Amino acid sequence: MDVQFENFPKWLDSFLQRTFFGSCLNHELQKNELNRYCITCDLDACRYCVSSGLHNEHTLLKIHRHVYKDVVPLDEMETHMDCTKIQPYKCNKKWVIALNPLPHCGSGAQIEGDVSCDVCKRRLNDPDQYRYCCIACKVEAFSRKRKEMEGSSLECTIVERPKRRRKGVPQRAHFY
């Protein structure tokens with residue numbers, strides 16, 4: 001079985017663990033919320049940090065809020081990773097994808113079956129086209145698959161097929 005694993009960017013784990021939209025400690029000005037992420041420096045930043053020139057020629061992502069959760073524009077994120085199978089949402093006329101799972105719809109109960117995210121079981125709008133509700137769920141799913149494959153490959157190397165053995169000790173024919 002040939003399974004290909006996606007190589008996610010090294011900075012992605014750190015990015016997904018960050019909390020955005022707090023106040024910047026370096027700039028005590030209005031609208032100093034941390035809504036940008038500098039991939040080069042692995043730092044969250046405010047608009048003043050970016051305009052100060054410290055992040056010139058660095059790769060930046062703009063973070064937005066959607067349904068009280070952090071999201072990133074789909075077109076920006078697609079340059080760094082494969083975003084297929086992650087359900088996008090429309091936010092201010094832009095397609096965005098969530099960093100972490102969005103809140104449950106309705107009663108808040110998790111649902112089972114084909115209409116939910118493979119990892120967190122949140123409802124998906126189009127389960128035929130998408131399998132994950134956010135970036136974190138896709139990363140988690142691929143890391144689980146990788147662990148399963150590594151575990152099964154270890155078993156395969158330990159349990160080898162025995163070589164065919166002879167029925168008895170070989171003996172030479174007598175010479176007369």
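Just so we're clear, the structure is a prediction, and the values are computed from it rather than from any experiment.
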Counting heavy atoms not belonging to N92, are there more than 12 under 6.0 Å from its CG?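 Not more than 12 within 6.0 Å, no.
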Counting heavy atoms not belonging to K90, are there more than 12 under 6.0 Å from its NZ?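 Atom NZ in K90 is crowded, with more than 12 foreign heavy atoms closer than 6.0 Å.
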Side-chain heavy atoms of [X] within contact of [Y], under 4.5 Å:
{"X": "R18", "Y": "I63", "answer": "no"}
{"X": "C24", "Y": "E33", "answer": "no"}
{"X": "V72", "Y": "V96", "answer": "no"}
{"X": "M77", "Y": "I135", "answer": "yes"}
{"X": "R131", "Y": "T84", "answer": "no"}
{"X": "L124", "Y": "S116", "answer": "no"}
{"X": "N32", "Y": "R47", "answer": "no"}
{"X": "Y48", "Y": "L29", "answer": "yes"}

If you apply the rule side chain to side chain contact (heavy atoms under 4.5 Å, CB included), what do you find for L60 with E76, and how did you get there? CA-CA 9 Å; L60 298 167; E76 287 182 31; over 6 Å; no
Pair [X] + [Y], salt bridge at N-O below 4.0 Å:
{"X": "E140", "Y": "R144", "result": "yes"}
{"X": "K94", "Y": "D75", "result": "no"}
{"X": "D70", "Y": "R65", "result": "yes"}

State yes or no: do V139 and L61 share one hydrophobic cluster built from I, L, V, M, F, W and Y residues joined by side-chain heavy-atom distances below 4.5 Å, directly or via other members?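 Result: yes, single cluster for both.
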Can I39 be reached from L54 by stepping across I, L, V, M, F, W or Y side chains whose heavy atoms are under 4.5 Å apart?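 As far as the 4.5 Å side-chain criterion goes, I39 and L54 are not connected within one cluster.
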Interatomic spacing from [atom1] in [X] to [atom2] in [Y] - rounded to 0.5 Å:
{"X": "C134", "Y": "Y89", "atom1": "SG", "atom2": "OH", "value": "7.5 Å"}
{"X": "Y132", "Y": "I97", "atom1": "OH", "atom2": "CD1", "value": "13.0 Å"}
{"X": "C137", "Y": "K121", "atom1": "SG", "atom2": "NZ", "value": "10.0 Å"}
{"X": "L34", "Y": "L43", "atom1": "CG", "atom2": "CG", "value": "10.0 Å"}
{"X": "S143", "Y": "E148", "atom1": "OG", "atom2": "CD", "value": "10.0 Å"}
{"X": "D44", "Y": "Y37", "atom1": "CG", "atom2": "OH", "value": "8.5 Å"}

Shortest non-hydrogen contact between [X] and [Y], atoms and distance:
{"X": "A98", "Y": "V71", "value": "CA-CG1, 3.7 Å"}
{"X": "C49", "Y": "H55", "value": "O-CD2, 3.5 Å"}
{"X": "V50", "Y": "R36", "value": "CG2-CD, 3.4 Å"}
{"X": "C120", "Y": "P101", "value": "SG-CB, 4.1 Å"}
{"X": "P88", "Y": "W95", "value": "CB-CE3, 3.7 Å"}
{"X": "P73", "Y": "K62", "value": "CD-O, 3.2 Å"}

Got a donor-acceptor contact below 3.5 angstrom from the Q87 side chain to the N125 backbone?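 Yes, Q87 side chain to N125 backbone: donor-acceptor pair under 3.5 Å.
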Evaluate the ring planes of F8 and F142, with Trp represented by its six-membered ring, and classify them as parallel (under 30°), tilted (30 to 60°) or perpendicular (over 60°).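 Plane angle over 60°, so perpendicular.
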Are K138 and D118 close enough, and set up right, to give a salt bridge (charged side-chain N to carboxylate O under 4.0 Å, His left out), and what steps lead you there? CA-CA 9 Å; K138 184 171 184 173; D118 286 358; over 6 Å; no
